[in-house]
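Okay, so here's the structure we're looking at.
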There are 2 protein chains.
Amino acid sequence: MSEAEQPGAEPSVPDRRAVRRAAKIATIVEEAWALSRADGLAGISLRDLADRVDLRQPSLYAYFDSKLALYDAMFADGNRQLLAYTADLTPTGNPEQDLTEFVSRIVRFSSDDVERHQLLFQRTIPGFEPSPESYAIAIEFLNRGAALLQAAGVSRAEDVDLFTALCAGLTHQQVANDPGGDRWVAQARRVVTMFLTEVRQQPRE
Amino acid sequence: MSEAEQPGAEPSVPDRRAVRRAAKIATIVEEAWALSRADGLAGISLRDLADRVDLRQPSLYAYFDSKLALYDAMFADGNRQLLAYTADLTPTGNPEQDLTEFVSRIVRFSSDDVERHQLLFQRTIPGFEPSPESYAIAIEFLNRGAALLQAAGVSRAEDVDLFTALCAGLTHQQVANDPGGDRWVAQARRVVTMFLTEVRQQPRE
DNA sequence: GTCTATACATCGATAGAC
DNA sequence: GTCTATCGATGTATAGAC
């Protein structure tokens, strides 16, 4: 916890400042999620948020240019959480098994936090569009799914479209009708099997 | 346009008033949809809405107790539109064909109006929950779908859950990634065939 | 960076006159 | 039912001290 500078360690000072700043931003985003769970995603008040992080409302502008910029940071954060949520998945050599686990995770992830799901997968905040930097994280996740599909021999655009619709459908129903439960999570394997059977039955192109 | 009362036609006056009132409410709801298409569902301003229907903002409260009550009227209206959109579907005796047409209609309906889809199928407005009366209309539509499934020999809860997820997935992807288009509408038949094949392959209970 | 103080426009909602 | 007037809260933004 020493605040003393090491001689010759000059660059460490701005680094420490950057670390502190990043930590504060992380705290703000975390509290913003907490607020959204209480008042809805669109119901976040910047004054309430400032209270939670021991700041005055104008001081939030030292970290975010606008409320939409806060949503953008939350969007990036949520997508990073999604990547982390599926990070330990290692291919077993059985594509059907891998896809099933992948789908289960996605549905569970959405079910775990409805507001997060709303921000990541629904366009609900008027005027909000993710920045290219934040969107890149979302693309990274999509690529991970595409790689799994590729390993299962799925690459045609219509087949990929079908798969994304299946994932979206399971998550949507899970979130809307059984949040926190597993009524649709439980159908992940069935859906993947059904999907692969359908795709493999199509004539090769 | 006579305002004179007919002798002995006393009950017709409150009736006419009720009709006028209902017509005004219908106009307000219609303009609310138009506004939501421009500014987003959550972006509706009661002042803008009042302007569109030649009222001052507080006068809207003669028709709706709150903004949430307006959303409730829109929810009921949207579900009535959905019922009307599928009203001319008559069973052909071919359940697969009937289900396909049903799914196509649902997806197209959602694709036609993203904000309407958002209000009907997503929980996006903080604090909004449909009233029992409005929700009953939604249930009526669900029952229509359940009847079609029954005709196709589908009645198990897991199978119905799977079907609703398939519908939700197609509509979600269509709305999110190709609004107004038909990229996922075009997969309706494929999805229904895939679904019925899967369901009929399960052991009878 | 953070604060106090303040400003502005907009919002949903209410009171009370007519 | 409709109006005018007004309220409190909000998002947004800035000035200026420390």
Side-chain angles (χ1 to χ4, degrees), chain A residues 3 13-29 31-32 34-36 38-75 119 124-129 131, chain B residues 1 3 13-29 31-32 34-36 38-75 115 119 124-129 131:
Chain A
E3 299 284 347
V13 172
D15 277 5
R16 261 216 293 260
R17 278 198 190 139
V19 167
R20 274 190 188 283
R21 183 181 168 82
K24 189 74 176 180
I25 288 178
T27 303
I28 294 172
V29 168
E31 292 301 323
L35 263 181
S36 80
D39 305 332
L41 192 61
I44 296 176
S45 147
L46 294 188
R47 285 175 174 87
D48 287 354
L49 178 58
D51 276 353
R52 277 180 175 260
V53 295
D54 291 314
L55 286 179
R56 303 294 148 181
Q57 174 257 333
S59 302
L60 282 177
Y61 283 82
Y63 299 98
F64 300 101
D65 288 341
S66 69
K67 196 180 185 182
L68 290 182
L70 170 66
Y71 284 126
D72 192 56
M74 295 172 74
F75 181 87
L119 181 61
T124 181
I125 304 292
F128 170 67
E129 206 156 356
S131 64
Chain B
M1 288 294 188
E3 299 285 347
V13 173
D15 276 6
R16 259 215 295 260
R17 275 195 191 142
V19 167
R20 273 190 188 282
R21 184 181 167 82
K24 188 75 176 179
I25 288 178
T27 303
I28 295 172
V29 168
E31 292 301 324
L35 263 181
S36 81
D39 305 332
L41 190 62
I44 296 177
S45 147
L46 293 187
R47 284 174 175 84
D48 287 353
L49 179 57
D51 276 352
R52 277 180 177 260
V53 296
D54 290 314
L55 286 177
R56 303 293 149 180
Q57 175 256 332
S59 302
L60 284 176
Y61 284 80
Y63 300 98
F64 300 99
D65 288 341
S66 69
K67 197 181 185 184
L68 290 182
L70 170 66
Y71 284 125
D72 191 57
M74 295 172 73
F75 181 86
E115 311 301 329
L119 182 62
T124 181
I125 304 291
F128 171 66
E129 207 156 354
S131 63

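The sequence lines fix the lettering, A, B, ..., with proteins before strands; numbering per chain opens at 1. Nothing here was measured: the structure is a model prediction, and the numbers come from that model.
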Sugar-phosphate only, base, or nothing, as touched by B:Ile44 at under 4.0 Å among non-hydrogen atoms: sugar-phosphate
Can you establish whether the number of heavy atoms outside A:Arg56 located under 6.0 Å from its atom CZ is more than 12? no
Return the nearest nucleotide to the side chain of B:Pro58; candidates are D:dC3, C:dT4, D:dG1. D:dC3
For A:Leu119, does its backbone N or O pair with a side-chain atom of A:Tyr71 as donor and acceptor, under 3.5 Å? no
At less than 4.0 Å, is any side-chain N or O atom of A:Arg47 found next to OP1 or OP2 of D:dT10? Yes or no. no
Rounded to whole angstroms, how far apart are CD on B:Gln57 and P on D:dA5? 14 Å
Starting from C1' on C:dC11, measure out to CG on B:Leu68 and report it in whole angstrom. 14 Å
Whole angstroms only, please: what is the CG-C1' distance between A:Leu46 and C:dC11? 15 Å
Can you tell me if the side-chain N/O atoms of A:Ser59 get under 4.0 Å from OP1 or OP2 in C:dG1? no
If you count every heavy atom of other residues, nucleotides or ligands that lies below 6.0 Å from A:Asp51 atom CG, does the total exceed 12? yes
Could you tell me how far apart B:Asp39 (CG) and C:dT10 (P) are, to the nearest whole angstrom? 13 Å
Nearest-Å distance for atom pair CG/P, residues A:Leu49 and D:dT12: 12 Å
If you check the B:Arg56 side chain, which of C:dT4, D:dT4, C:dC11 turns out closest? D:dT4
Give A:Asp48 one of three labels, base, sugar-phosphate or nothing, depending on what nucleic acid heavy atoms sit under 4.0 Å from its own. nothing
Looking at B:Gln57 and B:Leu46, would you say the former's side chain and the latter's main chain have a donor-acceptor pair under 3.5 Å? no
May I ask you to say what A:Tyr63 touches in the nucleic acid, namely base, sugar-phosphate or nothing, with a heavy-atom cut-off under 4.0 Å? sugar-phosphate
So, is A:Arg20 close to the C:dG1 phosphate, meaning a side-chain N or O under 4.0 Å from OP1 or OP2? no
4.5 Å side-chain heavy-atom contact, B:Tyr63 and B:Thr27: no
Please report, rounded to the nearest Å, how far the C1' atom of D:dT12 is from the OH atom of A:Tyr71. 14 Å
Between C1' on D:dA9 and CG on A:Asp51, what's the gap in Å once rounded to a whole number? 14 Å
On the nucleotide D:dT12, are OP1 or OP2 found under 4.0 Å from the side-chain N or O atoms that A:Ser66 carries? no
Quick one: A:Arg17 CZ to C:dG1 P, roughly how many Å, whole number? 8 Å
Hey, is the side chain of A:Tyr61 poking within less than 4.0 Å of OP1 or OP2 on D:dG11, counting only N and O atoms? no
